[in-house]
J.: 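Quick one: the structure is below, and I'll ask about it shortly.
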Amino acid sequence: MRILHVLTFLWAVVTAYAFAPNPHSFPANRKGAISHTKLHVETGPGGKPASSSEEDLTLTRQIILEHISGVGGDSNPDSGKDDQGYKSSSLPGNDLIIRAALGHEPVERTPVWLFRQAGRHLPEYHAYKKETNRGFLDMISNPVDVAECTLQPIRRYPVDAAILFSDILVIAEALTIEVTMPGGVGIQVPNPIQNPEDLDNRIPSIDEITPDFVLDKLGFVMDSIKLIRQKLNEENFDIPLIGFSGAPFTLLYYMIGGSSRKNTDIGMTWLQEHPEASQKLLDVLTKLIIEYMAAQVEAGAHLLQLFEAMGMMMDEENFEKFALPCLEKIATELKGRYPDVPLMVFCRGACYANDKVSKLGFDVVCIDGSVDRTEGRSAVGGRCGLQGNYDPQELIEENGKTVETVRETAKAMLEELGPQRLIANLGEGLGGKESPELVRAFVDAIHEESEAIIAADTSM
């Protein structure tokens, strides 16, 4: 069993990127150097080899924590805390997305990042996955893999934020629900909750959901965030890190249905046939999401993104009855604890509710590709910012798309939504067929065209 030795890994990163072009240096149309570090050693601390994948992960976490605890100065994500509780850490040099999200002042250009910017569309991701010989679910539980995959798009594109490489269903796993990814069929829950009695037997009570529960079940995520922050600093990427979670109904949908592609009516069926059990599970999930996202902030995340990714799987009446109260609890609690940490929400397939969602306390509401952009802006008014909603189909060369068409459509989005109180993003995540060249063209176009629009408005 080979273990990734973090100290060697970090040293290799420093030397590999000390003189590499940085895609985050403007002007944004300069191409960045692409590479990734993949070093392995066969032993853990003291030369003792790991005897299993579980021990491999334990040793990796031990090395990470020892390394991080020995580093002082501003690079430490905990440097903004003391014994009195949370205090926000210093802002990164590029705080554009934070300023745009909070909306306290105009920005000089529109920030941009992309849903699923790490992973499947990047050739370096596939090369790294092949070399490590680990599947997706193994990778997201290994902080070294998480950090590497999180930074891959940052090395390639001058996006304004990194986002944690993970999956929404780590929460289901924390609640003892098995999750698999057999390949070709998406992520699966092979043994979903069958009925209310099964729910009572398998899911912890709400009283058991505490910060300690989160650290026990999901501590590897916090280790990953700390390592990402460390690596961003070492590779001279002075940008924010986004943490995220799935929202309550989306998680319920997977936990009782088993798949996003089968049993598509199972969520509505449960809400109608088992309203009390549904509410019980939603309450547990809501509390766990709050503590999970809070732990991400404490570990070093600068912004938080909540994904109600299966909003299309319930009707408007039940969305308002079951989903909205959960979203409101999450927003109220997290903004009460961390008022200066932007909180973003995406109700994919349920953007009809954005008027109501914008009144819950979120800083940014996302719009999917179905939303008319003029209506999307008017729905939220001045209550919060917008995020979205570029069509990822515009980034696929096989669709006849080019650098020129990407610039035209990106500029059109900016003109329709306006460049202020906007985070440019997609209407849905990258699917894997997108061209990295066209993704880069999109990021560059957003920066350059928004700067021009804002400059022209300012001079008038």
Side-chain angles (χ1 to χ4, degrees), residues 22-30 32 88 90-118 150-151 153-164 228 232 237-244 301-307 340-346 362-367 373 376-377 380 382 384-390 392 395 406-407 409-427 429-430 439-455 457-458:
N22 188 332
H24 295 257
S25 300
F26 285 90
N29 59 0
R30 178 169 57 78
S88 59
S90 58
L91 294 175
N94 178 359
D95 64 347
L96 183 66
I97 192 171
I98 296 174
R99 289 185 285 123
L102 294 177
H104 298 324
E105 61 185 65
V107 295
E108 61 276 17
R109 64 181 173 272
T110 301
V112 56
W113 68 282
L114 300 96
F115 297 134
R116 294 203 199 112
Q117 66 186 27
T150 299
L151 266 73
I154 309 307
R155 299 176 189 136
R156 184 182 277 270
Y157 311 125
V159 288
D160 293 293
I163 182 168
L164 171 71
I228 293 166
L232 285 169
F237 294 125
D238 203 4
I239 61 173
L241 174 62
I242 301 171
F244 75 92
H302 297 96
L303 304 91
L304 295 172
Q305 172 74 58
L306 185 65
F307 289 105
D340 59 343
V341 174
L343 182 60
M344 307 177 287
V345 63
F346 187 11
F362 293 94
D363 298 295
V364 176
V365 169
C366 305
I367 53 176
R373 288 169 180 163
R377 178 66 77 176
V380 304
C384 64
L386 278 183
Q387 180 167 247
N389 71 339
Y390 191 77
L395 304 175
V406 168
R407 182 169 288 269
T409 50
K411 182 179 180 181
M413 183 180 77
L414 289 167
E415 291 172 342
E416 291 164 1
L417 291 175
Q420 300 288 355
R421 293 286 338 242
L422 174 68
I423 298 171
N425 205 318
L426 307 174
L430 294 172
V439 173
R440 174 69 190 238
F442 171 67
V443 174
D444 289 346
I446 291 296
H447 284 148
E448 294 164 7
E449 297 295 340
S450 66
E451 259 190 49
I453 294 171
I454 292 169
D457 290 344
T458 303

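For the numbers below, each heavy atom of this structure counts, side chains included, while hydrogens, waters and symmetry mates do not.
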J.: Quick one: are Leu114 and Ile163 in side-chain contact, heavy atoms under 4.5 Å?
T.: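 No - every pair of side-chain heavy atoms lies 4.5 Å or more apart.
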J.: Taking the side chain as C-beta and beyond, is there a heavy-atom pair between Leu303 and Leu241 under 4.5 Å?
T.: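 Leu303 vs Leu241: side chains apart.
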J.: Is there a donor in the side chain of Asn389 and an acceptor in the side chain of Asn425, or the other way round, less than 3.5 Å apart?
T.: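 No.
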J.: Taking the side chain as C-beta and beyond, is there a heavy-atom pair between Val159 and Gln117 under 4.5 Å?
T.: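 Yes; the side chains approach each other to less than 4.5 Å.
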J.: Indicate the atoms forming the closest heavy-atom contact of Ile97 with Pro240, along with that distance.
T.: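 Here Ile97 and Pro240 meet closest at CG2-CG, 3.7 Å.
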J.: Check the side chains of Gln387 and Trp113 for a donor-acceptor pair under 3.5 angstrom, ignoring hydrogens and angles.
T.: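 Note: Trp113 and Gln387 side chains meet the donor-acceptor criterion.
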J.: Would you call Ile454 and Glu108 a side-chain contact if the rule is heavy atoms closer than 4.5 Å?
T.: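 Of all side-chain heavy-atom pairs linking Glu108 with Ile454, none is under 4.5 Å.
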J.: Which heavy atom of Thr150 sits nearest to which heavy atom of Ala162, and what is that distance?
T.: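 Shortest heavy-atom contact: CG2-CB, 4.0 Å.
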J.: Between Asp363 and Cys384, what is the shortest heavy-atom contact and its length?
T.: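 Scanning both residues completely, I find the closest heavy atoms to be O-CB, 3.2 Å.
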J.: Under 3.5 Å, is there a donor-acceptor pair between the side chain of Arg99 and the main chain of Glu105?
T.: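 No, because the side chain of Arg99 does not come within donor-acceptor range (under 3.5 Å) of the backbone of Glu105.
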J.: Yes or no on side-chain contact (heavy atoms from CB on, under 4.5 Å) for Val406 and Val439, after CA distance, side-chain angles and deciding distance?
T.: CA-CA 9 Å; Val406 168; Val439 173; over 6 Å; no
J.: For the pair Arg373 and Glu415, find out whether any cationic side-chain nitrogen is under 4.0 Å from an anionic carboxylate oxygen.
T.: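 Result for this pair is no, no salt bridge flagged.
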J.: Decide side-chain contact (heavy atoms from CB on, under 4.5 Å) for Val345 and Val365; before the verdict, give the C-alpha distance in whole Å, the side-chain angles of both, and the deciding distance to 0.1 Å.
T.: CA-CA 5 Å; Val345 63; Val365 169; 4.1 Å; yes
J.: Go through the steps to decide whether Val364 and Leu386 satisfy the test side-chain contact (heavy atoms from CB on, under 4.5 Å), and finish with yes or no.
T.: CA-CA 5 Å; Val364 176; Leu386 278 183; 5.8 Å; no
J.: Which pair of heavy atoms, one from Pro111 and one from Ile446, lies closest together, and at what distance?
T.: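 The pair with the smallest heavy-atom distance is O-CG2, 4.5 Å.
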J.: Please examine the side chains of Ser450 and Val112, heavy atoms only from C-beta on, and report whether any two atoms are closer than 4.5 Å.
T.: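 Answer no - side chains too far apart.
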J.: Using 30° and 60° as the class boundaries, would you call the ring planes of Phe346 and Phe115 parallel, tilted or perpendicular?
T.: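 Parallel, since the angle between the ring planes stays under 30°.
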J.: Between His302 and Asp95, does any side-chain donor sit less than 3.5 Å from a side-chain acceptor?
T.: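 His302 vs Asp95: no donor-acceptor pair found between side chains.
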J.: Output the distance between atom NE2 (His104) and atom CZ (Arg421), rounded to the nearest 0.5 Å.
T.: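 It is 8.5 Å, given to the nearest 0.5 Å.
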J.: Decide yes or no on salt bridge (Lys or Arg N to Asp or Glu O under 4.0 Å) for Arg407 and Glu448, but give the supporting numbers first.
T.: CA-CA 10 Å; Arg407 182 169 288 269; Glu448 294 164 7; 2.5 Å; yes
J.: Do Leu414 and Ile453 come close enough that some side-chain heavy atom pair is under 4.5 Å?
T.: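 They are in contact (side-chain heavy atoms under 4.5 Å apart), so the answer is yes.
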J.: Just so I know, are the side chains of Arg155 and Phe237 near enough to count as touching, which here means a heavy-atom distance under 4.5 Å?
T.: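 Yes - at least one pair of side-chain heavy atoms lies under 4.5 Å apart.
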J.: Using 0.5 Å steps for rounding, measure from the CG atom of Leu422 to the CG atom of Leu417.
T.: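 The distance works out to 5.5 Å.
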J.: Heavy atoms, side chains only, cut-off 4.5 Å: are Leu304 and Ile242 in contact?
T.: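 No, every pair of side-chain atoms sits at 4.5 Å or beyond.
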J.: Taking all heavy atoms of Gln305 and all of Cys366, pick out the closest pair and write down the distance.
T.: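 Smallest interatomic distance, heavy atoms only, reads NE2-SG, 3.8 Å.
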J.: Kindly say whether Glu451 contributes a backbone atom to a donor-acceptor pair with the side chain of Arg109 at under 3.5 angstrom?
T.: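 Here the side-chain-to-backbone pair does not exist.
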J.: Just verifying a value: how many Å separate Ile423 CD1 and Thr110 OG1, rounded to the nearest 0.5 Å?
T.: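 It comes to 10.0 Å.
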J.: Calculate, to the nearest 0.5 Å, the distance between atoms CG and OH belonging to Leu395 and Tyr390 respectively.
T.: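 Rounded to the nearest 0.5 Å, the CG-OH separation comes out at 5.0 Å.
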